[in-house]
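Just so it is clear: chains get the letters A, B, ... in the order the sequence lines come, proteins before strands, and each one is counted from 1. Every value quoted in this text rests on a predicted model; they were computed, and no experiment measured them.
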Amino acid sequence: MRIAECGYAFPEALLEIYRSRGIVELYPPQEEAINAGLLEGKNLLAAIPTASGKTLIAELAMVRSILEGGKALYIVPLRALAAEKHAEFSKLSSVGISVGISTGDFDVRDEGLGEHDIIVATCEKVDSLIRNGASWIGELTCVVLDEVHLIDSPTRGPTLEMTVAKLKAMLPHLQIVALSATVANPEEVARWLDANLVVSDWRPVLLREGVFLDGVVEFSDGTMRQLKGGAEPISSLVESTVSEGGQCLVFESTRQNAESCAKRVASTTQRTLSEEDEQAVGEMADQIESTSDVLLVRKLAACVRRGAAFHHAGLDAQHRAIVERGFRSGHIKCVVSTPTLAFGLNLPARMVIIRGYRRYDPAYGSIPIPVLEYKQMAGRAGRPFLDPYGEAVLVAKSQDEAAYLMETYVRGEPERITSKLASESVLRSHILSLIASGFAKSLDGVVEFMRGTLYMCQQEGFSLSFVISSVIGVLEQMGMLTEESGVLVATPLGEKVSRLYIDPLSAHRMVRCLMSSIEPTPLTLVHVLCSTPDMRTLYVRSSEFDDVEAYIEEHAHEFYRIPPMESGEYDAFVREVKTARVLLEWMDEVPEDALCSRYRMGPGDIRALVETARWLAHALTELARLLHADAHGLASVIEKRMQYGVRQELLPLVRLKGIGRVRARRLYDAGYRTPDALAHNPEEVARIIGERTAKKLLLGIDVKGEGVQPPQRKLGEF
DNA sequence: ACTAGCTGACTCTAGACAGCATGTC
DNA sequence: CTAGAGTCAGCTAGT
């Protein structure tokens, strides 16, 4: 079927956009989706492989919906994915469709958001927007759920499920288009969504899957490939692909393995670099080196310079972006990644090598990854239009293991996905929000609402009411819900907690600390943040244990509560304290590279930690305000100090655009304490922070003392 | 007296969403 | 539904 003959009269301008991208004929799964009523507003679940044209299915549905006068919402699981989709849909601007994005770190102003035709957002953000009463939600006519199989995740799945249930309750005529990887039970999910189902394993590029053992790859179709012998397994696989002009993506299970593998592979890729590659790769390496002195970053630069790279969450966003761009442009020949890339961005390669098929899980030890995850990774192999085929290879070390891998993964079927909603810890937060936002007014109301969830579809005849009533009881005890003449309502505290989007238990911890008699210090408050379930605490190595304990003893009077040493809580407490200590050092201006080497973390880890702490510090400040607690002032200072990583005396300076923790400290030590003081001595300021920065800075300071003017944004600076 | 090299016990392990109001070195 | 790479102390054999 041609896109122009799909039975819906799309405007010529849109067809022209598609033609220019080479899209004329629809892929078979896309045709099936249209036959299943996609363009008649029917709900649809498409369970099809990566790269088989999911995005176009969603796009056509959204565009149709908008042409009929509606509005569309595209829900993704990751911020990086939101940015990617936002960029992609922005191409529709030439047909008059505008696209907005809303995630925690990037937001096109909230009121403005509703004016767009398509809005891309993470599911947590959508939930938050609903809780905060964004009015444009009511205008939606089409919602796309990207990567719905995420519903299986114990941590993130329930949010998606509840958000969908809320949307369905608010908008009975909403068209839902769900996109999923191949799973064992798509019918169940389709039934939940009341959707027609399209299942297909069609791919635009041939995919061969196989297992590597002792220099030979055995593919599932029975063919074998002998590799040039001798070399280390990954290098010989990389060699075979790269020498023929392809690229490789390697999945490892730990960061350390990823780094050392990238280093080994780099000596192979180096030999294949063309002159142009060398030039491009050298520039990227210089760019990476210029940003940071951290050992990890230098290692990365060294790999990139030789045409390989590693990719994991210890790198911060800018480094990851350089690696991703370098790989897409073809100059970086091989990327070795931890699971960061398994779910995240769309980075296809001719060959995907799965080296680490086991993953450590604190509860079970080392366990094999789910088949579903393997299929996701393998599906990355083969770039449409660019590669003649794709290959996915698992690496085995013995005959037995090879047979196991072939059986389990290559020939195996992916698992069922199941709702993870029925746990008290996730229900706590969601039940509070149901009552605070008016979706339910009683125990029965909550139970009734739950009928709209996947959980109730999968567990028919099973009741959640026991857990729900116990959770309501807990929320009442915490003072977040009360019953007034038979109707459940949220207290002002409960209302606030729901909007702040934190776990009620986190809020409860904060409230108890704020109401206690202790005279709080920064450590007291930062530790409370670290003791909440919303904060992921750092691992304490056995070699660090004594040190942290000594710190606890020294600061014993500053903690709101110290669990007894024999209790099961004590280990968790030690982790909280270590985490608090790192954050306090950040707020005391310890340099990034010192933190990285002292605690064996990467810049990305620090950024993530600080970001979470700042979010919780904001919540703490708001709760202190609500409760008129004495600690409000201190909490608010901590929130700002956390944001910038500075001592209190730098706060006036750091508010200025272009001035961060390092420059602010230099200026302060030179005697400049306020923005005003800077304006009076431009020459010396220029000497301290450099001329260009100083010029940009002084443009923003109004000498007459009327404060800071809106900054002039420079285009194309990056 | 010193040390390269080996052995075995022990250690350690992936990722990433949310508020609010604007911009690092 | 519990692995495997890395690290380090302690030992030995060789210089």
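- Residue side chain A:Y501 fails the stacking definition with respect to B:dG19, as its ring centre and the base's six-membered ring centre are not both under 5.5 angstrom apart and under 30 degrees in plane angle.
- Distance from the side chain of A:H312 is smallest to B:dG15 among B:dG15, B:dA14, B:dT24.
- Heavy-atom nearest nucleotides on DNA chain B were determined for A:G658 and for A:G314, and the one closer to the 5' end corresponds to A:G314.
- Using cut-offs of 30° and 60° on the angle between ring planes, the pair A:Y374 and A:Y409 is tilted.
- Below the 3.5 angstrom threshold, one finds a donor paired with an acceptor across the side chain of A:E639 and the base of B:dG19.
- The interatomic distance linking A:L315 (CG) with B:dA14 (P) rounds to 13 Å, in whole Å.
- Note: CG (A:D534) to P (B:dA18) measures 13 Å, nearest angstrom.
- Atom pair A:L650:CG and B:dT24:P shows a separation of 13 Å (rounding to whole Å applied).
- Applying the 4.0 Å criterion to OP1 and OP2 of B:dG19, one finds that A:S128 has a side-chain N or O inside that range.
- Of the residues near DNA chain C, A:Q256 and A:P368, the one whose nearest nucleotide (by heavy atom distance) lies more toward the 5' end is A:P368.
- Among the heavy atoms of the strands, none lies under 4.0 Å from A:F251.
- Between the side chain of A:R536 and the base of B:dA16 there is at least one donor-acceptor pair of N/O atoms closer than 3.5 Å.
- Looking at which nucleotide of DNA chain B each of A:T122 and A:T155 is closest to, the 5′-most match is held by A:T155.
- Nearest approach of A:A402 to A:L213, heavy atoms of both residues: CB-CD2, 4.1 Å.
- Where A:E401 and A:I367 meet DNA chain C, the nucleotide closest to each residue was compared, and A:I367 sits on the side nearer the 5' end.
- Comparing B:dC20, B:dT13, B:dC17 against the side chain of A:R541 picks out B:dT13 as the nearest.
- One interatomic measurement links the two molecules: CG of A:D605 to C1' of B:dT13, which rounds to 13 Å at whole-angstrom precision.
- Only the P atoms considered, C:dT2 is 23 Å distant from B:dC12, to the nearest whole Å.
- Remark: P of B:dG23 and CZ of A:R663 are 14 Å apart, rounded to the nearest angstrom.
- Out of B:dA18, B:dT24, B:dT13, the shortest distance to the side chain of A:T103 is found at B:dA18.
- In this structure, A:L616 places its CG atom 14 Å from C1' of B:dC20, rounding to the nearest Å.
- Across all strands, A:N257 comes closer than 4.0 Å only to sugar-phosphate atoms, never to a base (heavy-atom distances).
- Each salt bridge (charged side-chain N to carboxylate O under 4.0 Å, His left out) pair with one or both residues in residues 631-642 of chain A, not counting sequence neighbours, appears once here: A:D588-A:R641.
- Side-chain N/O atoms of A:Y357 and A:E373 include no donor and acceptor closer than 3.5 Å.
- A:R358 comes within contact range of the sugar-phosphate backbone alone, with a heavy-atom separation under 4.0 Å but no base atom that close.
- In this structure, the side chains of A:W615 and A:D534 come closer than 4.5 Å at one or more pairs of heavy atoms.
- Within the model, atoms NZ of A:K85 and CD1 of A:I101 stand 12.0 Å from one another, a figure rounded to the nearest 0.5 Å.
- For A:R614, counting side-chain heavy atoms from C-beta on, the closest listed nucleotide (B:dC12, B:dC20, B:dA16) is B:dC20.
- Going from atom CG of A:L529 over to atom P of B:dG19 covers 17 Å, rounded to whole Å.
- With sequence neighbours excluded, the residues that form a salt bridge (charged side-chain N to carboxylate O under 4.0 Å, His left out) with A:E611 are A:R79, A:R607.
- Atom CZ of A:R598 and atom CD of A:E544 lie 11.5 Å apart (nearest 0.5 Å).
- Taking 4.0 Å as the cutoff to heavy atoms of chain A, we find the contact window on DNA chain C bounded by C:dC1 to C:dG6.
- Distance A:Y599 OH to B:dC12 C1': 19 Å, rounded to the nearest Å.
- Listed nucleotides: B:dG23, B:dG15, B:dG19. Nearest to the side chain of A:T338: B:dG15.
- With sequence neighbours left out, A:D546 forms a salt bridge (charged side-chain N to carboxylate O under 4.0 Å, His left out) with no residue at all.
- With no hydrogens or angles considered, a side-chain donor-acceptor pair links A:Y501 and A:D127 at under 3.5 Å.
- Contact annotation for A:A608: no contact, since no heavy-atom pair falls under 4.0 Å across all strands.
- Picking from B:dG19, B:dT24, B:dA16 the nucleotide with the shortest atom distance to the side chain of A:L78 gives B:dA16.
- Residue A:H618 places its side chain closer to B:dC20 than to any other of B:dA16, B:dC12, B:dC20.
- Residue pairs meeting the salt bridge (charged side-chain N to carboxylate O under 4.0 Å, His left out) criterion with at least one partner in residues 143-155 of chain A, sequence neighbours excluded, are A:D152-A:K420.
- Taking the P atoms as reference points, B:dA14 lies 15 Å from C:dA5, given to the whole Å.
- Considering only side-chain N and O atoms, A:R255 lies under 4.0 angstrom from the phosphate OP1 or OP2 of B:dG15.
- Taking side-chain N and O atoms only, A:R79 has no distance below 4.0 Å to OP1 or OP2 of B:dA16.
- Paired regions of DNA chain B, where each region holds three or more successive Watson-Crick or G-U pairs whose two hydrogen-bonding distances fall under 3.5 Å, are B:1-13 with C:3-15.
- Applying the side chain to side chain contact (heavy atoms under 4.5 Å, CB included) test between A:H430 and each of A:T163, A:T453, A:T159 identifies A:T159 as the sole match.
- Within the 4.0 angstrom heavy-atom criterion, no nucleotide atom of any strand lies near A:T291.
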